[in-house]
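In what follows, a single structure is set out as C-alpha cells and then discussed.
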Amino acid sequence: MNVWDWNFAGQIIPALLNGLRITLIATVLGSLIAFVLGLVLAILGRGPRPVRIVVRAIVEFIRSTPLLVQVYFLFFVLPAFGVVLPALTVGVLALGVHYATYTSEVYRAGIDAVPRGQWEAATALSLPRTRVWTGVVLPQAIPRVLPALGNYVISMFKETPLLIGIGVLDIVGQVREVGGQSFRYVEAYTLAGLLFLLLSYPASLAVRRLERRRAVR
Amino acid sequence: MPSVEKSGADPMIAFDGVEKRFGDNVVLSELSFTVAPGEHVCLIGPSGSGKTTILRLLMTLEKCDAGTITVGGTSLSHMEKNGKLVPADEKHVRDVRKRIGMVFQQFNLFPNMTVRGNLVEAPTRVLGLSKDEADARAKELLDLVGLGDRIDSHPTQLSGGQQQRVAIARALAMRPDVLLLDEVTSALDPELVAGVLKLLSDIGSSTDITFLCVTHEMGFARDFSDRVMMFDGGRVIEDAAPEKLFTAPEHERTQAFLHAVVDR
Amino acid sequence: MDNLGTFLSVLSQGLPFTIIATVAGILLTIVLSFVAGLALMSSSKTVRVISRIYVEGLRGTSEVVQLFWIFFALPVLVGFQIVPIWAGILVLGLNHGAYGAEIVRGAVQSVPRAQVEGAIALSMTPAQRMRRVILPQAVVEMLPSFNNLFIQLLKSTALLSFVSINEITRQAQQVLVPRFNPQAFQIFLLLLVMYLIMSLVITAIMRTLERVAAARVGRKPSARSRSQATGAGIA
C-alpha cells in the first residue's frame, strides 16, 4: 500500500469542498455575532460600575474556559430548556459568543485610544450620548481595530473543526468520514491541513498589510 | 595599559579619507585627521554636521563607506592574515574595540542589572577579571564619581546626573585608552550639567586617556581640550587650539556658529 | 445536586491528564518559542526560512487537523504509534510554540537599540549581548503575552478528548453526560469552573513572575499588561 495515493487524494476533493462550505458558513456567521456582541460588551464595559463588574466577570469566565466545552454546554443544556437547535446553529452561537469576549477587548482598546479631548469636545457641543458614540467615538475607534478583528476571524476559521464534537461535518468532519471508510488518513488530513493553510495564510498576510498601512498613517 | 603602539609619535586615532553616507545623504566626506595619544579633542558644530557619526564609526556602531580608520595603529575595518589585508572579522573588531570606551547621551545603562552589575559585567566577561577584582574596581570607580553608596541601586532609582556618572564609571572600568563622549550632558537637567563636566575634567587631568568629545558646552570645550575641531557639512572647517578658535576664529562659519551659541 | 460528589470524582480522574498535558505543553512551548523566535532573527537566511516555515505552517493549519494528523497520518508514515498523551503534548507544544516564537521575536526587537549599543561599547560578544542584556529585558515584555498563550494552551487540552485521552472534558462528555443527561447543566458548569480555576492559577503564577521580572529591570508592571497583550495572545 502506497503512503500517498493521488487517485484517492483526488476522490477526497469533493468532500473537502463540501466541508469548506460548512466551515465558511460557521466562520462568517460566528464572526458577525462576535463583531456585534463584542461591541455591545465593550460599550457595557464602560457603563455604571455594577454593569461593568458583571460584564467583565462574564467576559473573563468565557475567555478563560475552552470553546469546546462551551459548545458541549450549549448543545446538551439548551434542549433542557426546550430549545432544540441544529448542531451547526449551536456551533455558530458558541463561536460567536466565545469570540465576542475577544473582540470586546479589541474594541475596548480601540475606544480607549480615542483621545480624551474628543469626548470633551463632544460633551462641550452637548451632543446626545448615542450621537457621541455613533458620530464621534466609534468612527475613530473601529478603523483602528480592523486588523485585530481580522486576525480573530482567521483564528475562528481555524477553530471551527472542533464543532465535529457535536457532529458538524466541516472540512475535518468530512475528511474524517472519508478517511475512516477507507483507512487512508495521510491524504485526508494532509489535504485538510493544506486547505486551511491555503486560505488562512494569504488572509493573514492581507491583515498584516492592513496593519502596516494603518501604522504608517 | 602599556602598549607598543601607544609609545612614540604614532597617532592614537587616525581617520584617512573617510566617507559615510546614509542613502543619498553624505554625512562625512573625505575626512582625515589624527589624534595623538593622551590628547583631548572636542568636536563642535551645528546639529547634523556628522560629529556623532565620527564617534559611532570609531565604536563600530556604523561602518564607513570609504577610507580607513585606525586606532593605535590597528585598522578597524581590516586585519592582516597571512601577510594579506582582509576584511576584519568579529573578533578583530572586538579586540580593537576593547581599547575604546564610550559614554552616550542617554547613558544606556542596563536596567536589568544593578549599578554594580553594570560595572562588573564587561570587566568579568570581556576582560576576564575575577569577580573580586572587578568588584574592587567598581567600588573604586564609584567612589571616584561620588556614588560609592549607590552600588546596589537600580539605574532607574538614580537621577539623570547620577546615571551618567555610573555610565562614565562603567566606561572607565574597561581601562580604555580612548574615551568617546557623545553629548554626555545634553539629556541632563541644567543644574546637573556642571557636576558631570567637573568630573570629566578631573578624570581628564588625572589620567592619560585620549578623549574625543562631541559637545555643545563651549565652556567645557575651551577648558578641557587641547584641540577643537569645528565641523560643518561633514567636513572639518577649522582645527585649532581652543584659545585660538574661541577668541579668533578664522572661518566665517565658525564665527557665525560661536556667535549663535554664545548668544543663546 | 446530590450527584455532585460523583461528578467531582469522575472529573478528577481526568485531572492528571489535563494537568500533565498543560504543564508539559507549556514547557515544550517555552523551548520552541525561544528556539524558533531567535531563529527568526538569525543572520543565516537558511535558519530564518526554516523557522518561518515552522511558524507559518503551524499557525496556518488548524490545531484539530494537526492533532488528527499526528494521531492518524503520522503512524502510517513512520510505522508506529506515539503514546497518545505524548502525541497530545507534542501538538500542543508545536502549535503554541509557533505563536510563542512571534512573541519572543517581538519582545527582543522591542528592546531599544541603545541597549545593544551600550553592550557593543563594552566589547561584549553578540552572544553575551543577547543573553546578558537583551533577553533579560525582553522577558519582561514577553510575560503578559505568554500568560495569554498558556491559557490558550490550557483551553486546547480539551481537544485531546477527540483522540481518546481521558482528560476532564472527555470524562464529562463520555462518562458523565450519558449517565446523567438531565444534569448536563451542572456537569458542564462544574467542568467550566475547573478550567477557570486552572487558568486563574496560571495567571497568578505569571503575574508573580511579571512583578519579579519588572522589579529586576526597575519597573512597575503595567496594570493593563494582560489586556494590552490580548491582541497578540491568540491569532
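The shown structure was predicted, so the numbers you read here are calculated from the model rather than taken from an experiment. Below, chains carry the letters A, B, ... as their sequence lines are ordered, and counting in each starts from 1. The basis for the numbers below is simple: all heavy atoms, side chains too, and nothing from hydrogens, waters or symmetry mates.
- When the candidates B:Gln157, B:His154, B:Arg94 are compared by the number of heavy-atom contacts under 4.5 Å with chain C, B:Arg94 comes out ahead.
- For a residue to count as touching a neighbouring chain, one of its non-hydrogen atoms must lie under 4.5 Å from one of that chain's; by this rule B:Leu109 touches chain C with the backbone only.
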Steps toward side chain to side chain contact (heavy atoms under 4.5 Å, CB included) verdict (C:Gln128, B:Val126): CA-CA 9 Å; C:Gln128 286 171 336; B:Val126 177; 3.8 Å; yes
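- Distance check, rounded to the nearest 0.5 Å: CG of B:Asn112 to CZ of C:Arg216 gives 7.5 Å.
- Listed by sequence position, the residues of residues 11-23 of chain C in contact with chain B number zero, using a 4.5 angstrom heavy-atom cutoff.
- Evaluation of the ring pair (Phe, Tyr, Trp, His ring centres under 6.0 Å) test over residues 99-144 of chain B, restricted to residues two or more places apart or in two chains, returns none.
- Using a 4.5 Å heavy-atom cut-off against chain B, the contacting residues of residues 109-124 of chain C are C:Arg113, C:Ala114, C:Gln115, C:Glu117, C:Gly118, C:Ala119, C:Ile120, C:Ala121, C:Leu122, C:Ser123, C:Met124.
- Sorted by first and then second residue, the side-chain hydrogen bond (donor to acceptor under 3.5 Å, both in side chains) pairs involving residues 118-129 of chain B (not counting sequence neighbours) are B:Asn118-B:Arg170, B:Glu121-B:Arg125, B:Glu121-C:Arg132.
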